[in-house]
Structure formats: C-alpha cells, structure tokens
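Data first, discussion second: the structure below is written as structure tokens.
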Amino acid sequence: MASAVDATGNPIPTSAVLTASSKHISTRCLQENVAFLKCKKKDANPEKCLDKGQEVTRCVLGLMKDLHQRCTKEMDAYVGCMYYHTNEFDLCRKEQQAFEKVCPLE
Amino acid sequence: MASVKDMPILQDGPPPGGFPPVRYARRIPNKGPSAMAIFLAAFGAFSYGMYQVGQGNKIRRALKEEKYAARRAILPVLQAEEDERFVKEWKKYLEYEAEVMKDVPGWKVGENVYNSGKWMPPATGELRPDVW
C-alpha cells in the first residue's frame, strides 16, 4: 500500500486507516453514529437514512483528515503497522502509544 | 611319569571365609512429605494455575473488547457508504424494471416486495449467501 492519503491529501478510508482512528471515531463521531444506528433500527430501508449516513461519512472523513494533518508521521506509522499486521491492536502498541501521545483522545 | 592327576587343583571358588552376607531385605524409608502435605501442595499448584488462567482470560477479554469496540465505531461509516451505493444501483434497477415491464398490464412497477411492511433486501436467489 502506497500511503494513507490519496493525491489530494485526503486519507483513504481503508480498513487500516479506519481501525487506526477507531478510538477517535468512537468519541468524536458518537452522536452521528448513534443517530444513524437509531434510524436504521427504526427502518432498515437505506433510502430513509441517507441523510444521517451522509452526516456520518462527513464526520468520519473530516476526523481522519484532521488527525492526519495534526500528526502526520505518527499516523502514517500507525496505519502502516495496522496494514502490516492486519488490524491487530496488540501487535502495534508502540505506534499506538506514539500516535495517542501526539493526537490524544479526549 | 607325571599325570594330570598330579597337577595342583585350580578351582574357581569362594574366598577363604566365604563371601560377605548379601542384604536382600526391603528397607523403604518412611520419611518425606506426608499425604496431607502432598495434597495441599497439589491443590495449591492447581489453584495458582487456575488463578493465572482467570487473569489470562481477563486480558484476552479486554483485547477482544478493544477489537469489537473498533468494529462498532467504524460500522456506521461502512454501512452509510454501502447504502449510498445500493440506492444508486436500486434506482437503476427500478428504471430497468419499468422499461422491461412497461407493456404488462397491471404491473405496479417499482417496489413489488412482501406484504409485511418492513423493508427487506432484494432476494438474489441465494438462500444463504454467507455459506455459498
């Protein structure tokens, strides 16, 4: 895998990038996620929850871009480690500590 | 004339006074740990091992929880992206269905699904796609 960002500098939401930022997503995009899931629970029809889904996508992609801009090197190292070990948290503790020191979870 | 009978007798026999006595009686010593001591040691080792098993399970459970929490966090993004893709494809399919069935009288184009009122994903003919 070449890198975590595409040509315009936006992080690509691959599994490695998503799992690397999952702890940030679970705190900072909690409202959007919960709203989307509640909408889904009420009605499974995808057409009914499109707007909430777009909120979720916007929140997560924005969060990933923000994280990447603030701690580029640490995030790249963490994403690379995740990619190498196929999203196994326990094998990437060092990179995780470095990443969370520079971009702390609230 | 010297004969064999005049040679001195050379026999393999016991030394003078006989061999020293050989001990053949059992002598198993009665010292060492008692039965209660052995039982307590085994029980102690077992409980220590089970305690370590419990600790290890706690650690493993925490690791699994971390993995599941990560999956829970990224599930909505993935589902939202898939929903967008599905809606696009579904609209294309509805147009195709309208065109194919435009000459059939009484065909309500579009959603021709079940009567329960719930939305069901389109059936592709596979009974259990996760198995096949």
Side-chain angles (χ1 to χ4, degrees), chain A residues 11-64 67 78-79 82 85-93 96 100 105, chain B residues 52-98 108-130:
Chain A
I12 314 173
T14 58
S15 75
V17 177
L18 281 174
T19 17
S21 26
S22 62
K23 290 194 166 45
H24 294 265
I25 294 175
S26 62
T27 49
R28 291 212 224 155
C29 288
L30 181 63
Q31 310 288 348
E32 286 86 352
N33 284 359
V34 164
F36 179 69
L37 291 175
K38 283 202 175 125
C39 171
K40 273 286 178 184
K41 191 168 164 134
K42 225 168 27 171
D43 184 5
N45 195 348
E47 290 164 5
K48 300 280 187 305
C49 295
L50 273 184
D51 54 343
K52 299 210 168 50
Q54 275 166 6
E55 289 280 315
V56 170
T57 319
R58 203 162 37 85
C59 176
V60 171
L61 290 182
L63 173 63
M64 291 199 312
L67 285 177
Y78 192 27
V79 167
M82 275 293 170
H85 290 296
T86 328
N87 309 333
E88 192 71 43
F89 280 108
D90 208 28
L91 302 173
C92 289
R93 288 293 175 206
Q96 183 185 6
E100 289 185 1
L105 311 161
Chain B
Q52 290 295 325
V53 166
Q55 298 295 101
N57 281 347
K58 226 160 85 164
I59 295 176
R60 276 174 52 223
R61 195 167 51 236
L63 289 176
K64 290 247 169 71
E65 263 305 314
E66 187 181 18
K67 186 162 81 159
Y68 298 156
R71 288 185 184 171
R72 275 196 294 271
I74 66 182
L75 166 76
V77 206
L78 302 173
Q79 184 64 55
E81 286 186 356
E82 170 60 23
D83 281 355
E84 300 239 343
R85 183 206 69 87
F86 173 80
V87 164
K88 253 199 283 249
E89 287 296 322
W90 190 242
K91 286 195 171 26
K92 273 205 322 226
Y93 164 75
L94 288 183
E95 289 166 12
Y96 167 70
E97 183 185 343
K108 252 204 301 297
V109 79
E111 315 238 333
N112 180 22
V113 291
Y114 313 93
N115 290 332
S116 77
K118 282 194 333 175
W119 179 84
M120 290 292 290
T124 55
E126 293 170 10
L127 199 55
R128 287 180 63 191
D130 51 326

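Numbers restart at 1 for each chain; the letters A, B, ... are given by sequence-line order, proteins then strands. Remember, it's a predicted structure, so these values are computed and weren't measured experimentally.
In this structure, chain B has heavy atoms under 4.5 Å from both the backbone and the side chain of A:Asn45. Using a 4.5 Å cut-off between heavy atoms, A:Lys40 touches chain B through its side chain atoms alone.
For residues 75-88 of chain B, heavy-atom neighbours of chain A at less than 4.5 Å comprise B:Leu75, B:Pro76, B:Val77, B:Leu78, B:Gln79, B:Ala80, B:Glu81, B:Asp83, B:Glu84, B:Phe86, B:Val87, sorted by residue number.
Note on A:Leu50, A:Leu37, A:Val34: by heavy-atom pairs under 4.5 Å with chain B, the leading option is A:Leu50.
Looking at every heavy atom in both residues, A:Ile25 comes nearest to B:Ala73 through CG2-O, 3.6 Å. Taking both residues in full, the closest heavy atoms of A:Pro46 and B:Trp119 are given as CD-CZ2, 3.3 Å, listed atom of the first, atom of the second, then distance.
B:Ile74 is not listed as a side-chain neighbour of A:Val60, based on a closest heavy-atom distance of 4.5 Å or more.
Taking a cutoff of 4.0 Å between a charged side-chain nitrogen and a carboxylate oxygen, A:Glu100 and A:Arg93 do not qualify as a salt bridge. With respect to the salt-bridge test (charged N to carboxylate O, under 4.0 angstrom), the residues B:Lys92 and B:Glu95 do not qualify.
Counting non-hydrogen atoms of other residues, nucleotides and ligands closer than 6.0 Å to CD of B:Glu66 gives a total above 12.
Sorted by first then second residue, the ring-ring contact (aromatic ring centres under 6.0 Å, His included) pairs that include residues 19-41 of chain A, not counting sequence neighbours, are A:His24-A:Phe99.
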